[in-house]
> 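Below you'll find the structure I mean.
Just so it is clear, the values below take in all heavy atoms, side chains as well, and ignore hydrogens, waters and symmetry mates. Chain letters run A, B, ... following the sequence lines, proteins first and then strands; every chain starts at 1. What you see is a predicted model, and the numbers here were worked out from it, not measured in a lab.
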2 protein chains.
Amino acid sequence: MPTLAPLFKALSDPSRLGIFERLTRGEMAVMELTAQFELSQPAVSQHLAVLRQAGLVTVRRDGRMVYYGVRPDAFRPLVDWLSHYQAFWPRRVDRLKALLERMEP
Amino acid sequence: MPTLAPLFKALSDPSRLGIFERLTRGEMAVMELTAQFELSQPAVSQHLAVLRQAGLVTVRRDGRMVYYGVRPDAFRPLVDWLSHYQAFWPRRVDRLKALLERMEP
DNA sequence: CAAATATATAAGCCGATACTTATGTTTTGT
DNA sequence: ACAAAACATAAGTATCGGCTTATATATTTG
């Protein structure tokens, strides 16, 4: 039961969450992120540093560009945490069944 | 897809997250929470106000005590959000199957 | 090597936030 | 009605967080 507060904090800023969600579509260099979000390059780098320290993203250097991507299992702490509070999930069994069916074909 | 940042922010403070998790075990009055956490009563009330504004908890007055509880469906936004990123879940199908089996008996 | 490119880091500013103490509001008990 | 209890709100303060500008580091290119 690691404290999830740091993870939540990492995702609590709209810009940072936006960057993170964008990364779920695939790796991206800082440059490209800076172009897509209306943020300065240092601001993007700082957000990425926070995400990295929270264990949410991976970094890969290629030449002079640095590519960030969502870490596999990034959501593991969240999923584990949520699984302890199933009683408060919405229409839980139905939703999960639907999820499984979408995932398995 | 509503922005989840405010929800994450509400859970990003360790004290507040602790209070929230404690509430998942059942309703509790401000007094009792104040006793269990090393926080002043106003601090607890302020945290509860944040949780309430984030739609995470319910309030019920009984006499001069006010009972807070986790809102049913409190995790709905989180579950919905996570469901969009299944690719980054850990051993996803197995985990969900296990979950379902624990939930259905 | 020098210049340009891509990114990271440093320092500072300012608004947000988590706490404190003090006070207000509602309800109970006598 | 009055005092106490349970909680909320107000106001002040100190720290944190996200931004900016400026600079440092790493890599490629000429």
> Nearest to the B:Met31 side chain among D:dC19, D:dG18, D:dC7, which nucleotide is it?
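Closest nucleotide among those given: D:dC7.
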> Using whole Å, what does the distance between atom C1' of nucleotide D:dG17 and atom CG of A:Leu11 come to?
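That distance rounds to 15 Å.
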> State whether the distance check finds a donor on one side and an acceptor on the other, under 3.5 Å, for side chain B:Gln46 versus base C:dT20.
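In this structure, the two groups form a donor-acceptor pair.
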> Rounding to an integer number of Å, can you tell me how far A:Gln53 CD sits from C:dA8 P?
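Taking atom P of C:dA8 as the reference, CD of A:Gln53 is at 13 Å.
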> Which is true for A:Ala29 with a 4.0 Å heavy-atom rule: it touches a base, it touches only sugar-phosphate, or it touches nothing?
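If one applies the 4.0 Å heavy-atom cut-off, A:Ala29 turns out to touch the sugar-phosphate alone, with no base involved.
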> Return the nearest nucleotide to the side chain of A:Pro42; candidates are C:dC19, D:dT21, D:dA8.
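Minimum distance to the A:Pro42 side chain belongs to D:dT21.
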> Quick check: does any side chain N or O of B:Gln86 sit under 3.5 Å from a backbone N or O of B:Ser83, one acting as donor and the other as acceptor?
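Yes, B:Gln86 side chain to B:Ser83 backbone: donor-acceptor pair under 3.5 Å.
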> For residues B:Asp13 and B:Val50, determine if any side-chain heavy atom of one lies less than 4.5 Å from a side-chain heavy atom of the other.
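SC-SC contact between B:Asp13 and B:Val50 ruled out.
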> Measure from NE2 on A:His47 to P on C:dT7 and round the result to the nearest Å.
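After rounding, the reported distance stands at 16 Å.
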> Between the base of D:dA8 and the side chain of B:Gln41, is there a donor and acceptor pair under 3.5 angstrom?
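Indeed, a donor on one side and an acceptor on the other fall under 3.5 Å apart.
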> Does atom CD of B:Gln53 have more than 12 heavy-atom neighbours from other groups under 6.0 Å away?
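Open.
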> For residues 52-63 of chain A, pull every pair meeting salt bridge (Lys or Arg N to Asp or Glu O under 4.0 Å), keeping only residues two or more places apart or in separate chains.
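Checked against salt bridge (Lys or Arg N to Asp or Glu O under 4.0 Å) - neighbours excluded - the pairs reaching residues 52-63 of chain A are A:Glu27-A:Arg60.
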> Tell me the interatomic distance from A:Met65, atom CE, to D:dT25, atom C1', rounded to whole angstroms.
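These atoms are roughly 17 Å apart.
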> Provide, to the nearest angstrom, the distance between the CD atom belonging to B:Glu27 and the P atom belonging to D:dC7.
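Rounded to whole Å, this separation is 12 Å.
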> In whole angstrom, give the distance that lies between atom CG of B:Asp62 and atom C1' of C:dT27.
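Interatomic distance, CG of B:Asp62 to C1' of C:dT27: 11 Å.
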> Determine: side-chain N/O of B:Ser15 to OP1/OP2 of C:dC19, distance under 4.0 Å, yes or no.
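Yes.
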> In whole Å, I'd like the distance from the CZ atom of B:Arg52 to the C1' atom of D:dC7.
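Going from B:Arg52 (CZ) to D:dC7 (C1'), I get 11 Å.
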> Would you say B:Tyr68 places a side-chain N or O within less than 4.0 Å of OP1 or OP2 belonging to D:dA6?
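For D:dA6, neither OP1 nor OP2 has a side-chain N or O of B:Tyr68 closer than 4.0 Å.
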> Any side-chain N or O of A:Arg61 under 4.0 Å from OP1/OP2 of C:dT7?
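Checking A:Arg61 against C:dT7: no side-chain N or O falls below 4.0 Å of OP1 or OP2.
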> Please verify the inter-ring angle class for B:Trp81 with A:Phe20; under 30° counts as parallel, over 60° as perpendicular, anything in between as tilted.
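The rings of B:Trp81 and A:Phe20 sit tilted, inter-plane angle from 30° to 60°.
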> So, OP1 or OP2 of D:dT20: does either fall under 4.0 Å of a side-chain N or O from A:Ser40?
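The answer is yes; a side-chain N or O of A:Ser40 sits under 4.0 Å from OP1 or OP2.
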> Return no unless some side-chain N or O of B:Lys9 is found under 4.0 Å from OP1 or OP2 of C:dT17.
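For C:dT17, OP1 or OP2 has a side-chain N or O of B:Lys9 closer than 4.0 Å.
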> Let me know the distance between CZ of B:Arg64 and C1' of C:dT28, rounded to the nearest Å.
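Computing the B:Arg64:CZ to C:dT28:C1' distance gives 4 Å.
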